[in-house]
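Letters A, B, ... are given to chains in the order of the sequence lines, protein chains preceding strands, and every chain is numbered from 1.
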Amino acid sequence: MMDKTYNPKDFEKRIYNNWLKQKKFACNLQDKRQKYSILMPPPNITGHLHVGHAMNHTLPDIYARYKRLNGFDVEWVPGTDHAAIATEAKVVDKLAKQGIKKDDLTREEFEQEMQIWYKENGEFILNQLKALGIMADWDELCFTRDEVRNNAVNYAFVELWKRGYIYRGERLTNWCPKCNTSISDIEVEYKEKNAKLYYIKYQVVNSKDYLIVATTRPETLFGDLAVAVNPNDERYKQFVGKKVVLPIVNKEIPVIADEYVDVSFGTGALKVTPSHDINDYNLGKKHNLGFLQVINKDGSLNELCGKFKGLKGQDAREKVANYLQQIGLLIKAEDYTHNVGCCERCKTPVESLITEQWFVKMDEIAKRTKQHIDNNEVNIRPDFAKSKLYTWLTDVQDWCISRQLWSGHRIPVYYCEDCGEVYASMQPCACPKCKSQKYHQDPDVLDTWFSSGIWPISTLNWPNIGERFKKYYPFDLVISARDIITHWIARMLFMCIEFEGKVPFYNCITTGLIVDEQGRKMSKNLGNGIDPLDVIQNYGTDALRYALVYGGSLDSDTRFGFTAADNARKFINKIWNASRFVEMNILDKQILPLEKCNLQLADKWILSKLNDVVKKVTKLMNNYDAGLALIELHDFAWLTFCDYYIEFSKPNMQSNDQSIINTTASVLKYVLGEILKMLHPFIPFVTEEIYTNLFNSSIMDAQYPKVNKEWNYKEECEQMDSIMEITRAIREIRTEYKVENKKILNANIFVRKTKDNLAENILYLQTLTQTKIAEVNTQNANAGEMLITTPYYLVFLNGSEVVDVNAEKARLENEIQKTDVELQKLKSIMANAGFVSHAPQAVIQKYTKQIKEYEDKIQQLNSTIKQL
RNA sequence: GGAGGUUUAGCUCAGCUGGUAGAGCAUCUGCCUUACAAGCAGAGGGUCAUAGGUUCGAGCCCUAUAACCUCCACCA
């Protein structure tokens with residue numbers, strides 16, 4: 001027997017361990033059923049998982065379980081990501097707390113520290129994932145830096161090398177002086193900062209005139225190679241082609257003209273520092289100014305800056321500005337706020353530096369990828385995510401893949417120390433040109449997204465194409481947070497298309513953020529983050545999953561908080577109690593297949609409603625709208641099954657006819673079973689617990705509900721609608737007149753439509769409304785004090801003991817008025833000639849019928865008032 | 001600066017190919033009715049962001065505006 005109270009802690013862990021023991025999650029290469037494979041976005045092992053991760057792993061689990069119940073051979077490949085730069089930053093911080101600097105260690109020693117971190121955090125994260133209840137194939141667990149994945153990375157690199165897509169070049173790159181590495185554009189985040197805009201005099205050579213240049217970074221002036229003005233700027237036309245004297249350095253630099261310069265900003269004159277600013281870099285290249293680097297990799301000024309050498313950042317800026325003021329070249333400094341690029345990982349403002357880096361040439365690769373997208377080979381949801389991806393591919397720059405870090409995949413490029421040959425190789429090997437054994441490997445490591453980009457194939461052991469690869473590739477589904485669509489989704493697409501010639505997944509669902517109850521992004525600063533383990537501890541895994549998914553749509557962010565978790569638990573508790581009701585009531589009953597049952601009116605009704613919900617939910621699930629499907633399930637389970645069907649079942653369970661009792665028990669059990677199966681993907685534990693109790697088998701081996709065409713009982717549903725309408729009306733009367741629920745009201749019924757199930761109707765009515773139907777009349781309407789009208793019945797409630805006539809008159813008149821408002825609305829629509837001639841017949845018929853019903857109702861109410 | 005998203009009840013959100021505005025939560029009222037007080041029953045509450053347009057008919061389609069959010073770009 002089930003416990004009286006729902007307590008998830010009693011069974012969630014036990015059930016998960018059972019599933020693991022029974023290998024419920026493992027794939028089976030012999031399985032001939034259709035496959036459904038899912039790719040897990042590998043969480044970074046920088047720290048612990050937050051609720052955003054929880055949702056992005058719960059959603060695929062929902063589809064995994066849904067597909068499994070639908071008879072697919074599901075393979076969900078799990079793994080974690082080493083997140084090169086992010087994790088290295090964490091380990092550097094950790095060491096710093098112990099007073100150790102990265103440079104104090106050798107590369108090998110540092111690597112050992114990394115491995116310790118990987119192990120500790122990796123295990124924690126895996127336990128978090130398991131606590132979420134996900135059915136990933138743990139036997140196939142991957143890590144982006146394990147041996148198989150490293151092999152895949154090397155292979156991919158060497159292949160790209162052979163195909164001529166990899167080159168080394170000098171580029172202006174974003175450089176983080178703290179992480180001491182170049183970072184890609186998407187690893188730079190812009191933050192608004194307060195600064196000063198300095199106005200500096202540049203004297204025109206052989207003239208008393210000078211140009212005033214506005215800049216936020218006076219310290220870079222040592223690298224200035226020109227001053228640029230707009231060619232249409234009347235103020236400066238005369239100076240174009242002349243030379244000005246660079247302050248402090250006293251070097252002559254040209255004044256150039258370029259459309260790029262914004263006439264309205266600052267003074268309209270721009271100092272051009274090609275080595276330290278991306279726009280200046282472009283200008284410099286265009287005008288062949290050359291390059292002059294004045295900032296070191298640690299962010300300090302170099303020897304070209306004279307006495308300012310060694311100064312960094314704000315300090316350098318202020319000292320240079322002060323000196324300019326001393327020598328009378330600083331006109332003024334204004335307060336100014338602007339966006340400063342900062343390192344996404346360590347928040348330090350980035351420098352633009354020209355460095356030597358490895359790149360992947362993107363133009364051809366991006367073009368081919370776009371063709372696959374154009375062919376609709378991959379379904380990307382929502383649509384705007386697809387266009388975002390497409391735009392990015394259109395404008396994509398060559399991909400800088402080298403990072404000056406110690407942790408990550410070492411770039412498999414070797415330098416021959418004898419002949420200088422540079423070559424790529426899977427393993428260290430002698431120089432292919434001169435056969436020299438004296439060579440060394442490039443010190444840099446690859447951008448973390450390089451290994452993530454081949455994740456779909458590397459997790460299937462690529463480049464070794466085995467049975468598993470053949471069966472499960474491409475994947476059917478990947479679900480990812482939308483903010484990494486260009487970081488990750490795009491790279492998987494072009495890398496995998498490059499190597500395997502087809503898209504790596506057929507469906508790509510991108511989700512918004514999980515935000516707090518006020519719609520704010522969860523962040524450490526706000527302290528509004530929620531630890532999924534806390535929610536699990538207090539509400540259970542099922543409640544967490546339910547709360548994360550319920551009502552969520554792909555288009556917008558999802559709000560999450562403890563209220564949501566609380567509501568989730570209430571719902572699950574409701575299911576728990578409904579199940580207990582069913583369990584108690586099927587005891588000792590003969591449970592029959594439904595086709596052998598003596599189906600009653602309410603049974604036919606609930607089976608029709610079940611059909612409806614199965615249809616809706618299936619459609620939504622197939623469309624990856626799990627959040628909306630869950631709303632449907634909530635409404636059906638609670639409002640339809642619990643609030644009405646269970647109530648209808650009570651009188652039937654008291655029947656004198658044993659076949660009705662057995663039927664009711666059978667339907668109760670059947671419908672609950674179908675509800676559990678549909679809920680299982682969302683709340684796997686409680687559904688398993690209940691299902692095994694009732695059906696003695698694992699719900700994971702059950703079959704998903706299907707629409708049964710036999711159960712289309714339209715007439716019965718209409719009758720039940722009438723009964724529910726009367727029920728609500730009588731309850732309303734009870735509330736209004738403050739009639740105790742216990743008091744049995746007497747009523748007469750006038751049946752307007754001849755029907756077969758009159759006795760049942762009356763049975764349900766009496767039970768749900770606590771009335772005694774004294775008289776049933778099919779000939780004429782007997783008066784009573786209170787009237788309720790429906791298409792099937794007029795109900796006269798004999799309320800003389802509780803109601804005074806005037807109050808009831810007022811109630812009926814109010815009823816008439818409300819009905820009349822609706823009636824007039826419809827009438828005015830119907831009076832419109834345009835409507836009648838244009839609207840579809842079905843709509844006109846519906847309206848006509850409704851008008852008739854309203855008119856009829858008003859008439860009935862009026863005649864009752866007269867008789868009062 | 002560019003692109004996209006959102007705007008419907010106090011709150012969170014549904015609303016199908018245009019056809020009489022929906023649910024949950026919250027609020028108020030009454031109930032310990034033998035599955036469930038983590039519950040049951042009932043009620044109130046909306047100029048569908050604003051202004052135009054198309055249409056017999058607009059929450060839905062079109063145009064403009066506003067507010068908020070996200071991504072991209074990075075004006076020195």
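Using a 4.0 Å heavy-atom cutoff across all strands shown, A:D277 reaches sugar-phosphate atoms only and no base atom. Nucleic acid contact class of A:L270 (heavy atoms, under 4.0 Å, all strands): base. At the heavy-atom level, A:I646 lies under 4.0 Å from base atoms of the strands shown. Across all strands, A:R569 comes closer than 4.0 Å to base atoms (heavy-atom distances). Residue-level contact check: A:D262 touches the bases, meaning some heavy atom is under 4.0 Å from a base atom. Looking at heavy-atom distances under 4.0 Å, A:K388 makes contact with sugar-phosphate atoms alone, never a base. As judged by a 4.0 angstrom heavy-atom cut-off over every strand, A:P840 is placed among the base-contacting residues. Residue A:R482 is classed as having no contact, given no heavy-atom separation below 4.0 Å to the nucleic acid. Within the nucleic acid shown, A:E732 comes within 4.0 Å of sugar-phosphate atoms alone, with no base atom in reach, counting heavy atoms only. Residue contacts for A:E647: at a heavy-atom cut-off of 4.0 Å it reaches a base atom on one of the strands shown. A:Y390 comes within contact range of no nucleotide atom at all, as no heavy-atom separation falls under 4.0 Å. Across all strands shown, A:Q850 has heavy atoms under 4.0 Å from base atoms, whether or not it also approaches the sugar-phosphate. Using a 4.0 Å heavy-atom criterion, one finds that A:D566 contacts no nucleic acid atom at all.
Between A:K846 and the phosphate of B:U20, there is a side-chain N or O to OP1/OP2 separation shorter than 4.0 Å. One finds a side-chain N or O of A:R559 lying less than 4.0 angstrom from the OP1 or OP2 phosphate oxygen of B:C13. Regarding contacts with the backbone of B:A76, a side-chain N or O of A:Y336 is found under 4.0 angstrom from either OP1 or OP2. Put simply, A:W392 has no side-chain N or O that comes within less than 4.0 Å of OP1 or OP2 on B:G2.
Nucleotide B:A49: paired with B:U65 (Watson-Crick or G-U wobble, both distances less than 3.5 Å).
Note: CG (A:N623) to P (B:C16) measures 14 Å, nearest angstrom. In this structure, CD of A:Q397 is placed 11 Å from C1' of B:A73, rounded to the nearest angstrom.
The side chain of A:F835 sits closest to B:G19 out of B:A21, B:G42, B:G19. Set against B:G39, B:U20, B:A41, the side chain of A:Y854 has B:U20 as its closest nucleotide. Side chain of A:T215, nearest nucleotide from B:A76, B:A41, B:A35: B:A76.
Judged by the 6.0 Å and 45° rule, A:R569 forms no cation-pi pair with A:W576.
Of the charged side-chain nitrogens involved, at least one lies within less than 4.0 Å of a carboxylate oxygen, so that A:K827 and A:E855 count as a salt-bridged pair. In this structure, A:E725 does not pair ionically with A:R728, as no charged nitrogen and carboxylate oxygen lie closer than 4.0 Å. Under 4.0 Å is where a charged nitrogen must lie from a carboxylate oxygen, and between A:K609 and A:D635 no such pair does. Between A:E732 and A:R734, no side-chain nitrogen of the basic residue sits less than 4.0 Å from a carboxylate oxygen of the acidic one, so the salt-bridge criterion is not met.
Comparing A:M584 and A:I278, the nucleotide of RNA chain B nearest to each residue sits closer to the 5' end for A:M584.
Side chains of A:Q850 and A:E822 form no contact here, defined as non-hydrogen atoms less than 4.5 Å apart.
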